[in-house]
Amino acid sequence: MLKTFRFLLALAVALLLMLVFRALAFTICTVEGNGLEPVLQQGDRVLVNRWSYGLRVGSDGGLFGYGRLGRRPVSRGDLVAFENPHNTDEILICRCKALPGDIISTADGQTTVVPSLKTCDSADHYWMEALGTEDVTDSRTLGFIPEQFIIGRATMVVFSHDPTASILKGWCGERFLLPL
């Protein structure tokens, strides 16, 4: 009886630690589109570091408001995971193309950034762009992404599996633990 109790207690503690680790440190996102090919491919499982820009706490509508513990700025060129501001159940991964204060000009699907010039844009909004130009959801369709929707930086492809293949086939061994 005592051995069973110890086993169940150890299992419960391990499960709790896993949940805390996943909620506070890292999360895994699945790439469902081809907007960042060849960097990310459909079926990649990407590890996202929640502490890379500071841990999000609270929300705008919450009791304490939005904030970040250990806040650090997003850098141009980072692969950033963020919630779609129009559908927070959808997580997107895009490259940060422009930082707060940059002037952005878009013409014919091309984005030009003029860094370090003052604009009227908010100090906590970023321009996120996929590499593709067709059927992508990024700042070209969503506009500027507020910092409060940023989850963290995509750090590595944990594993990759072709979503059209069977469970036993379609594994991509060369993408296993691939740093980004």
Side-chain angles (χ1 to χ4, degrees), residues 3-57 59 74-97 106 108-111 126-180:
K3 286 184 179 182
T4 304
F5 176 73
R6 284 183 182 168
F7 173 75
L8 291 175
L9 181 64
L11 188 63
V13 168
L15 182 62
L16 181 65
L17 287 174
M18 181 196 68
L19 290 173
V20 168
F21 180 76
R22 181 160 176 171
L24 295 178
F26 295 96
T27 192
I28 294 179
C29 299
T30 302
V31 176
E32 294 181 1
N34 58 2
L36 282 171
E37 282 188 354
V39 177
L40 293 177
Q41 298 175 0
Q42 187 169 355
D44 284 352
R45 295 337 189 259
V46 179
L47 186 71
V48 176
N49 181 349
R50 291 181 176 268
W51 281 93
S52 53
Y53 308 120
L55 183 65
R56 292 189 310 170
V57 291
S59 64
V74 176
S75 297
R76 187 177 284 110
D78 283 357
L79 284 174
V80 179
F82 61 95
E83 295 171 343
N84 180 338
H86 305 292
N87 176 10
T88 55
D89 291 334
E90 180 181 27
I91 295 176
L92 305 169
I93 300 176
C94 291
R95 191 169 298 282
C96 180
K97 182 90 175 197
T106 57
D108 300 324
Q110 298 294 323
T111 303
Y126 297 86
W127 187 266
M128 304 292 181
E129 235 178 63
L131 298 177
T133 57
E134 295 181 25
D135 295 329
V136 293
T137 304
D138 62 8
S139 287
R140 291 172 283 191
T141 56
L142 299 172
F144 288 96
I145 305 300
E147 181 185 88
Q148 69 190 38
F149 291 97
I150 293 176
I151 297 169
R153 188 171 67 84
T155 57
M156 86 168 36
V157 175
V158 179
F159 67 91
S160 185
H161 182 266
D162 181 358
T164 61
S166 71
I167 192 71
L168 298 176
K169 296 182 179 180
W171 295 96
C172 211
E174 66 272 3
R175 297 190 64 77
F176 180 70
L177 298 179
L178 178 71
L180 298 174

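Residue numbers start at 1 and run along the sequence shown. In this text, all values refer to a predicted model and were calculated from it rather than measured experimentally.
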Between side-chain atoms of residues 165-180 and protein atoms elsewhere (two or more places apart, or another chain), which donor-acceptor pairs fall under 3.5 Å?
from	atom 1	to	atom 2	distance (Å)
Ser166	OG	Lys169	N	3.4
Trp171	NE1	Ile167	O	2.8
Arg175	NE	Asp44	OD1	3.0
Arg175	NE	Asp44	OD2	3.2
Arg175	NH2	Val39	O	3.0
Arg175	NH2	Asp44	OD2	2.6

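The distance from the CD atom of Gln42 to the OG1 atom of Thr164 is 7.5 Å, given to the nearest 0.5 Å. Of the inter-residue distances, the one linking Leu79 atom CG with Met156 atom CE reads 13.5 Å to the nearest 0.5 angstrom. Atom CG of Leu131 and atom NZ of Lys97 lie 9.0 Å apart (nearest 0.5 Å). Between the OG1 atom in Thr88 and the CD atom in Gln148 there is a gap of 10.5 Å [rounded to 0.5 Å]. Here CG of Leu36 is found 10.0 Å from CG of Leu92. Values are rounded to the nearest 0.5 Å. Atom CG of Leu40 and atom CD of Glu32 lie 13.0 Å apart (nearest 0.5 Å).
Using a 4.5 Å heavy-atom threshold, the side chains of Leu142 and His86 count as touching. Within the 4.5 Å cutoff, the side chain of Val46 has no heavy atoms near those of the Val158 side chain. Using a 4.5 Å cut-off on side-chain heavy atoms (C-beta onward), Ile93 and Val80 make no contact.
In terms of the salt bridge (charged side-chain N to carboxylate O under 4.0 Å, His left out) criterion, Arg153 has no residue partners (sequence neighbours excluded). Residues that satisfy the salt bridge (charged side-chain N to carboxylate O under 4.0 Å, His left out) test with Glu147, not counting sequence neighbours, are Arg68, Arg71.
Looking at Asp78, its side chain does come within 3.5 Å of a backbone N or O of Ser75 through a donor-acceptor pair. A donor-acceptor pair under 3.5 Å links the side-chain atoms of Thr155 to the main chain of Leu47, judged by distance alone. A donor-acceptor pair is defined here as one N or O able to donate and one able to accept, closer than 3.5 Å; no such pair exists between the side chain of Arg50 and the backbone of Leu55. Side-chain atoms of Ser139 come within 3.5 Å of backbone atoms of Met128 as a donor-acceptor pair (strictly under, hydrogens ignored).
The two residues Arg140 and Glu129 have their closest heavy-atom pair at NE-CG, 3.6 Å. Among all heavy-atom pairs drawn from Arg56 and Ile150, the shortest one is CD-O, 3.0 Å. Closest approach of Tyr53 and Gly152 over heavy atoms only: CE1-C, 3.6 Å. Minimum heavy-atom separation, Ala25 to Trp51: CA-CD1, 3.8 Å. When all heavy atoms of Ala130 and Asp138 are compared, the closest pair comes out as N-OD2, 2.9 Å. The two residues Glu90 and Asn84 make their nearest non-hydrogen contact at OE1-ND2, 2.7 Å.
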message = As a quick check of understanding, evaluate side-chain contact (heavy atoms from CB on, under 4.5 Å) for Phe144 and Tyr126, giving each step before the final call.
response = CA-CA 5 Å; Phe144 288 96; Tyr126 297 86; over 6 Å; no
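In Glu37, the CD atom is crowded: over 12 heavy atoms of neighbouring residues, nucleotides or ligands sit closer than 6.0 Å.
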